[in-house]
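In what follows, a single structure is set out as structure tokens and then discussed.
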Amino acid sequence: MTRIIAAVLAVALVLPAQAADRRRMRAVNISATSLFTVLSAAAQGKVKSRRDAVRLVLAGLVAGYGFSEAKERAGRGDVATGWLIANAASSLVENTASGNHPLSHIGYTVGPLRLRIATPADREHASRVDLDVSVVESFFLAQAIRDADDVQIRDGMLSFERNDPVVEEHVFVGYTWGIFPAVVKGTGPEIWNHEAVHAIQSQQLDSVEAPLYAFQEEPRFFRLRYLKAGFIHTTSNVASEQRQYHERWTEIEAYRLAQDVAPPPP
């Protein structure tokens, strides 16, 4: 089944960029999330039988659909709901990939920290509240604080505002560092929606990252639990930077969902 999913993902990704309609984007989200959920579980030693693999594939399919729906809602302007759905999809991936019940914890990301609260479905009962830390998102937060002018909570996300556009390959009135979206003051709502899609893309990458280190093991009410390095996120960013702006999948998806256009060519 994982081979089939990998094949579907490969076919979807090699199609021309012009074919990036909503059905193709949904197929990429569903297949990619399912495949990487299995890989995350394998990295954690949680794939021990065919039954485990099937359970992981199915959870990844549902989570992938959730991420796709989250991005579509954000692109339409319902960013707060999209962010909640993205966090729920992340919880499903994290729970299943770590060998727990799919609904064992409900997580919410606040900056580089992810708070996970145990539900009655938690079989381990090791703690009521776990806190995970992301190295890569800590780095992105430092970048955002350095480059932005104001910080605020918007639609449930820690976000930033800039006074002036970013001048790189193009003139950007929106910019996102990891899960931290930023817009230039006075821009239209479609720019915020676009950057929110990027933040959800980052949340999706973070969700399939296997922990680098596990902290406290003993049962207690609150635990500092996992340290996540962000290898997948970093690798994805490096690979994306090797392509021209209008050919990057993240930009194709964000432009199509938020503005219903293709990214501008050089």
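One-based numbering along the sequence shown. Basis for what follows: all heavy atoms, side chains included, without hydrogens, waters or symmetry-related copies.
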With sequence neighbours left out, write down each residue that passes side-chain hydrogen bond (donor to acceptor under 3.5 Å, both in side chains) with [X], or none if nothing qualifies.
X	result
S134	none
K185	D150, N163
D122	none
Q259	H194

Tell me whether the centres of the aromatic rings in F180 and Y175 are closer together than 6.0 Å.
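Between Y175 and F180, which both carry aromatic rings, the centre distance is not below 6.0 Å.
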
Between F67 and Y65 (judged by ring centroids, cut-off 6.0 Å), do the two rings come close enough to count as a pair?
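No, ring centres 6.0 Å or more apart.
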
Under the criterion side-chain hydrogen bond (donor to acceptor under 3.5 Å, both in side chains), which of H198, R256, H246 is the partner of E251?
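Of the listed options, the one satisfying the test is H198.
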
So [Y] and [X], do their side chains get closer than 4.5 Å, heavy atoms only?
X	Y	value
V129	R116	no
V151	L158	yes
R26	E69	yes
N95	H101	no
D130	S127	yes
L257	R76	no
W249	M25	yes
L113	D132	no

According to a hydrophobic-cluster definition based on side-chain heavy atoms being under 4.5 Å apart (Ile, Leu, Val, Met, Phe, Trp, Tyr only), do [X] and [Y] belong together?
X	Y	value
I106	L115	no
L92	L39	no
M157	V133	no
I232	L212	no
V62	I85	no

By side chain to side chain contact (heavy atoms under 4.5 Å, CB included), which residues pair with N87, not counting sequence neighbours?
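Scan of N87 (side chain to side chain contact (heavy atoms under 4.5 Å, CB included), adjacent residues dropped) gives W83, Y108, T109, R114, Q203.
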
F140 atom CZ, neighbour heavy-atom count above 12 within 6.0 Å
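For F140, atom CZ is crowded (more than 12 foreign heavy atoms under 6.0 Å).
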
Take a 6.0 Å sphere around CD of Q143 and say whether it holds more than 12 heavy atoms from other residues, nucleotides or ligands.
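Enclosed: over 12 neighbouring heavy atoms sit under 6.0 Å from CD of Q143.
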
Roughly how far apart are F139 CZ and W177 CH2, rounded to 0.5 Å?
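It is 12.0 Å, given to the nearest 0.5 Å.
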
Interatomic distance, R248 atom CZ to N237 atom CG [nearest 0.5 angstrom]
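One finds 9.5 Å between CZ of R248 and CG of N237.
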
Return yes if some donor-acceptor pair links the side-chain N/O of T37 with the main-chain N/O of L56 below 3.5 Å, else return no.
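Absent.
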
Between R73 and V79, is there a donor-acceptor pair closer than 3.5 Å when you use the side chain of the first and the backbone of the second?
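Not at all, since once roles are kept as given, no pair shorter than 3.5 Å links the two residues.
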
If a pair satisfies salt bridge (charged side-chain N to carboxylate O under 4.0 Å, His left out) and one of its residues is in residues 34-57, list it, with sequence neighbours excluded.
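Listed by first then second residue: D52-R55.
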
Full working for salt bridge (charged side-chain N to carboxylate O under 4.0 Å, His left out) between E218 and R220:
CA-CA 6 Å; E218 64 274 13; R220 57 179 62 193; 2.7 Å; yes

Starting from the C-alpha separation in whole Å, work towards a yes-or-no answer on salt bridge (charged side-chain N to carboxylate O under 4.0 Å, His left out) for D149 and R162.
CA-CA 5 Å; D149 298 299; R162 293 176 58 97; 5.6 Å; no

What heavy-atom pair brings A86 and A70 nearest, and what distance separates the two atoms?
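Minimum heavy-atom contact is N-CB, 3.7 Å.
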
